[in-house]
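Okay, so here's the structure we're looking at.
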Amino acid sequence: MKQLLEFEKPIVHLKDKIIELKKLASQSEIDLSTEISTLEEKLTRLEDDVYNNLKPWDRVQIARHMERPTTLDYIARVFEDFIEFHGDRVFGDDAAIVAGIATYKGEPVTIVGHQRGKDTKENITRNFGMPHPEGYRKALRQMKLAEKFNRPIICFIDTKGAYPGKAAEERGQSEAIARNLMEMAGITVPIICVVIGEGGSGGALALGVGDHIHMLENSTYSVISPEGAAALLWKDASLAQRAAETMKITSADLKELGVIDEIVTEPKGGAHRDIDLQAENLDAVLQSSLNKLKVLSTEELLEHRWLKYKQIGDFELL
């Protein structure tokens, strides 16, 4: 059964009516073409009204949609000859992070990304896309190899956050995230980061230090989830919708604030509606971004990266 979001129910209800009328028309001699045409026009207007006026909480739900394309979906459609590498050479492998090398437009690249599941079994295997420290160390190992062999790095961000369990903390979760932030800031090859779903907390930031940061139209990127923010601010996680309205977590908000560089458009209703079209939209943005970064010298690349993060946000020196 496909996941149905609350704000989509009127659209689905109207679609069901159209299907019923078409079925009735095919089983009888009654001409219902006028009625069907009228409803189809109404459906078009309704879809435009709903999807062109999505609220932040609506986008949170789309970003969390169980059928939303994942890192591996984009790897299969945008890249060629992908070879996945496993393990951090310290503790073990973490299935919540996918890392490896591939070719993009005939050139070698390193790909690192969060990977969640699309059903219960896969989510358990992938730990619901919440990495342990060994996942971040695996990611950094591949990034350092990319630097050694002069390969651009492409990071896909899609996580609620780093796994907060006791074992993860014992193995150095905070240190692993902090080290990724520090190392990525100084890596001497281009880094392109794309938020493809949820970008939550330090678990997202650990793959989010790049020269260009892009977001899919209905993705979210925030220091904390709306539920977490509501619990902290108002002691009530059920006020998550209110929190989402005030947190500035949507792609449009973050583009205006200068946190991200470009918004990747999505098909009407979300990326899960047409994964192939979404991959094409992403491909165009990646190619343009990579072409701009490849012409920079190492010194220019690092200087631009430093200035990018220095200029984010407003502050006053006291």
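We're numbering straight along the sequence, starting at 1.
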[X] and [Y]: same hydrophobic cluster, using ILVMFWY side-chain contacts below 4.5 Å?
X      : Y      : result
Val259 : Val209 : yes
Phe79  : Leu282 : yes
Met247 : Met215 : no
Ile275 : Ile196 : no

Tested for side chain to side chain donor-acceptor pair (under 3.5 Å) against Arg68, the lone hit among Gln3, Gln278, Glu266 is Glu266

| message | Could you walk me through whether Asp73 and Thr70 satisfy the side-chain hydrogen bond (donor to acceptor under 3.5 Å, both in side chains) test, starting with their C-alpha distance in whole Å, then the side-chain angles of each, then the deciding distance to 0.1 Å, before giving a yes or no? | response | CA-CA 5 Å; Asp73 288 321; Thr70 65; 3.3 Å; yes

Could you tell me whether the side chain of [Y] reaches within less than 4.5 Å of the side chain of [X], counting heavy atoms only?
X      : Y      : value
Cys155 : Met184 : yes
Ile62  : Leu5   : yes
Met143 : Leu207 : yes
Arg137 : Ile97  : no
Val285 : His212 : no
Leu4   : Lys9   : yes
Asp88  : Asp94  : no
Gln115 : Glu122 : yes

ask   = For Thr188 and Glu147, does a side-chain donor sit closer than 3.5 Å to a side-chain acceptor?
value =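 A pair is found: one side chain offers a donor N or O, the other an acceptor, under 3.5 Å apart.
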
Whether the side chain of [X] engages the backbone of [Y] through a donor-acceptor N/O pair (distance < 3.5 Å, no angle test) should be reported.
X      : Y      : answer
Arg59  : Ile249 : no
Glu80  : Lys105 : no
His304 : Leu296 : no
Ser288 : Ala284 : no
Asn281 : Thr265 : yes

Answer yes when [X] and [Y] have at least one side-chain N-carboxylate O distance shorter than 4.0 Å, and no when they do not.
X      : Y      : answer
Glu262 : Lys292 : no
Lys308 : Asp211 : no
Glu8   : Arg273 : yes
Lys166 : Glu169 : no
Lys55  : Glu245 : no
Arg116 : Glu198 : no

Any idea which heavy atoms bring [X] and [Y] closest together, and the distance?
X      : Y      : value
Arg151 : Pro108 : CD-CB, 3.8 Å
Cys193 : Ile157 : CB-CD1, 4.2 Å
Gly129 : Thr159 : O-OG1, 2.7 Å
Gly258 : Ile312 : O-CG1, 3.7 Å
Pro190 : Leu301 : N-CD2, 3.5 Å
Pro131 : His114 : CG-CD2, 3.6 Å

Discussion item. Is the ring pair Phe156/Tyr74 parallel, tilted or perpendicular, if the boundaries are 30 and 60 degrees?
Written reply: parallel

How long is the span from the [atom1] atom in [X] to the [atom2] atom in [Y], to the nearest 0.5 Å?
X      : Y      : atom1 : atom2 : value
Ile192 : Ile111 : CD1   : CD1   : 11.0 Å
Leu140 : Ile177 : CG    : CD1   : 12.5 Å
Thr220 : Asp158 : OG1   : CG    : 9.0 Å
Glu67  : Asp119 : CD    : CG    : 11.0 Å
Leu39  : Leu32  : CG    : CG    : 10.0 Å
Ile191 : Ile154 : CD1   : CD1   : 11.5 Å

- Query: Counting heavy atoms not belonging to Trp234, are there more than 12 under 6.0 Å from its CH2?
  - Reply: yes

Notebook entry, point to check: Is the count of non-hydrogen atoms from other residues, nucleotides or ligands lying under 6.0 Å from Glu256 atom CD greater than 12?
Noted result: no

When Ile260, Ile213, Leu286, Thr71 are each screened for side-chain contact (heavy atoms from CB on, under 4.5 Å) with Val194, the one that passes is Leu286

ring-ring contact (aromatic ring centres under 6.0 Å, His included) filter on Tyr51, not counting sequence neighbours, yields none

query = How far apart are the C-alpha atoms of Lys268 and Asp274, what are their side-chain angles, what is the distance that settles it, and do they pass the salt bridge (charged side-chain N to carboxylate O under 4.0 Å, His left out) test?
reply = CA-CA 9 Å; Lys268 187 182 294 184; Asp274 190 336; over 6 Å; no

Residues 11-27, side-chain donor-acceptor partners within the protein, below 3.5 Å, at least two apart:
from	atom 1	to	atom 2	distance (Å)
Lys22	NZ	Glu40	OE2	3.1
Ser26	OG	Lys22	O	3.4
Ser26	OG	Lys23	O	2.7

Steps toward salt bridge (charged side-chain N to carboxylate O under 4.0 Å, His left out) verdict (Lys42, Asp49) = CA-CA 10 Å; Lys42 183 178 179 180; Asp49 182 56; over 6 Å; no

Arg64 vs Glu227, salt bridge (charged side-chain N to carboxylate O under 4.0 Å, His left out): CA-CA, chis, key distance, verdict:
CA-CA 13 Å; Arg64 294 174 174 175; Glu227 291 86 353; 2.8 Å; yes

Residue pairs meeting ring pair (Phe, Tyr, Trp, His ring centres under 6.0 Å), one or both in residues 120-144, sequence neighbours left out, come to His132-Tyr163

